[in-house]
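In the text below, chain A, chain B and the rest are named by the order of the sequence lines, each starting its count at 1.
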2 protein chains.
Amino acid sequence: MAEHKRHLFDKDEIDIAEVAKALSHPARLKILRILSQMNVCMCGEIVDLLPLAQATVSQHLKELKRVNLVQGEIEGPKTCYCINTDSIQKIFEKFQNYFNEINKECNRSCKTKKK
Amino acid sequence: MAEHKRHLFDKDEIDIAEVAKALSHPARLKILRILSQMNVCMCGEIVDLLPLAQATVSQHLKELKRVNLVQGEIEGPKTCYCINTDSIQKIFEKFQNYFNEINKECNRSCKTKKK
DNA sequence: ATCGTTCATCGCAAATATACGATGAATAAG
DNA sequence: CTTATTCATCGTATATTTGCGATGAACGAT
């Protein structure tokens with residue numbers, strides 16, 4: 001009786017919501033920043049830069065991979081992570097479109113009666 | 001032992017994460033769309049357009065107000081909701097900056113070794 | 001004053017998310 | 001083969017989110 005109704009919405013909204021969810025934790029935002037600065041990097045390096053345990057960071061990375069913001073490739077015992085540039089570009093465009101849409105026709109907001 | 005570590009991150013990341021969280025549910029994305037199309041509108045109208053109970057919609061509206069995406073004004077027994085245009089503009093700029101930042105220096109991603 | 005409408009909030013149940021220690025898989029090095 | 005390193009995953013505890021019925025507050029209309 002909770003978190004069951006997501007399916008009842010438009011695919012568009014569900015998709016954007018998924019990405020927003022992935023971006024809804026400071027640790028994940030920071031991981032993306034780290035990855036964008038460090039080029040390719042390994043999980044351990046990220047762990048060293050965050051106040052979180054290795055298991056937790058691994059979970060956050062998994063979530064970022066799930067929505068395609070990040071890609072990881074196993075290299076022997078290590079795993080090499082990096083930003084998924086193409087995907088991020090597309091994702092950002094979706095956000096941009098959404099924001100444009102909800103910001104378009106709003107000259108007539110209730111601020112007119114605000115005072 | 002959970003959801004306690006948010007405070008340990010940069011204010012910047014915490015702020016963006018807060019907004020992303022508000023945008024992380026399809027119902028809330030749809031509510032914003034509805035508000036942007038209907039000009040000002042009352043909670044009841046939104047409830048009619050969503051597959052959710054009134055109490056639930058009210059909660060979602062509260063969350064959207066919390067991060068300033070929406071403003072609401074009580075008018076007698078009704079409450080008039082509308083998009084907070086100015087605030088949305090600022091919020092979008094933050095997102096934009098963040099995306100630009102993580103997308104900047106990534107010519108050197110691991111796709112080079114992808115194949 | 002009473003009634004109906006509109007909505008916020010409370011209290012609860014269930015689902016998810018967050019965090020971590022422990023374990024195990026995979027490989028490199030010895 | 002043994003060991004050390006790196007990481008994913010499992011299991012678990014706790015916190016948060018989602019959803020709703022029930023209730024009550026605020027007002028307009030009668």
K.L.:
Check the distance between C:dT6's C1' and B:Asp48's CG and give it to me in whole angstrom.
P.N.:
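Answer to the nearest Å: 12 Å.
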
K.L.:
Output the distance between atom CG (A:Leu29) and atom CZ (B:Phe9), rounded to the nearest 0.5 Å.
P.N.:
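Between A:Leu29 CG and B:Phe9 CZ, I get 9.5 Å after rounding to 0.5 Å.
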
K.L.:
When you check the phosphate oxygens OP1 and OP2 of D:dC20, does a side-chain N or O of A:His4 lie under 4.0 Å from one of them?
P.N.:
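No, A:His4 has no side-chain N/O under 4.0 Å of OP1/OP2 on D:dC20.
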
K.L.:
Does a nitrogen or oxygen in the side chain of B:His60 sit under 4.0 Å from OP1 or OP2 of D:dT17?
P.N.:
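No.
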
K.L.:
What integer distance in Å separates A:Glu18:CD from C:dA17:C1'?
P.N.:
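Answer to the nearest Å: 13 Å.
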
K.L.:
For A:Asp12, enumerate each residue passing the salt bridge (Lys or Arg N to Asp or Glu O under 4.0 Å) test, keeping only those at least two apart in sequence or located in another chain.
P.N.:
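If we apply the salt bridge (Lys or Arg N to Asp or Glu O under 4.0 Å) test to A:Asp12, skipping adjacent residues, the hits are B:Arg33.
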
K.L.:
Heavy atoms under 4.0 Å is the rule here; annotate nucleotides 2-10 of chain D 5' to 3' with B where the base is hit, S where only the sugar-phosphate is, and - elsewhere.
P.N.:
---BBBBB-

K.L.:
Figure out the CZ/P separation between B:Phe9 and C:dT18, and round it to whole Å.
P.N.:
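Answer to the nearest Å: 11 Å.
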
K.L.:
Could you state the atom-to-atom distance from CD of B:Glu63 to P of C:dT9 in whole Å?
P.N.:
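Answer to the nearest Å: 13 Å.
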
K.L.:
Tell me every residue that passes side chain to side chain contact (heavy atoms under 4.5 Å, CB included) with A:Lys65, counting only those two or more places apart in sequence or in another chain.
P.N.:
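For A:Lys65, the residues satisfying side chain to side chain contact (heavy atoms under 4.5 Å, CB included) (neighbours in sequence not counted) are A:Val70, A:Tyr81.
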
K.L.:
Are B:Arg28 and D:dT18 close enough that a side-chain N or O sits under 4.0 Å from OP1 or OP2?
P.N.:
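Result: yes.
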
K.L.:
Spell out, as yes or no, whether a donor-acceptor pair under 3.5 Å connects the side chain of B:Ser87 to the backbone of B:Asn68.
P.N.:
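Looks like yes, one N/O pair under 3.5 Å.
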
K.L.:
State whether the side chain of B:Arg28 and the backbone N or O of B:Ala22 hold a donor-acceptor pair below 3.5 Å, judged by distance alone.
P.N.:
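Yes, because the side chain of B:Arg28 sits within donor-acceptor range (under 3.5 Å) of the backbone of B:Ala22.
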
K.L.:
Is it the case that the side chain of B:Ser24 and the backbone of B:Lys21 share a donor-acceptor pair, with hydrogens and angles ignored and the cut-off at 3.5 Å?
P.N.:
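Yes, the answer is positive, given that a donor and an acceptor are paired below the 3.5 Å cut-off.
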
K.L.:
Measuring to OP1 and OP2 of C:dC20, would you say a side-chain N or O of B:Lys5 lies under 4.0 angstrom away?
P.N.:
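For B:Lys5, the contact criterion (side-chain N or O under 4.0 Å from OP1 or OP2 of C:dC20) is met.
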
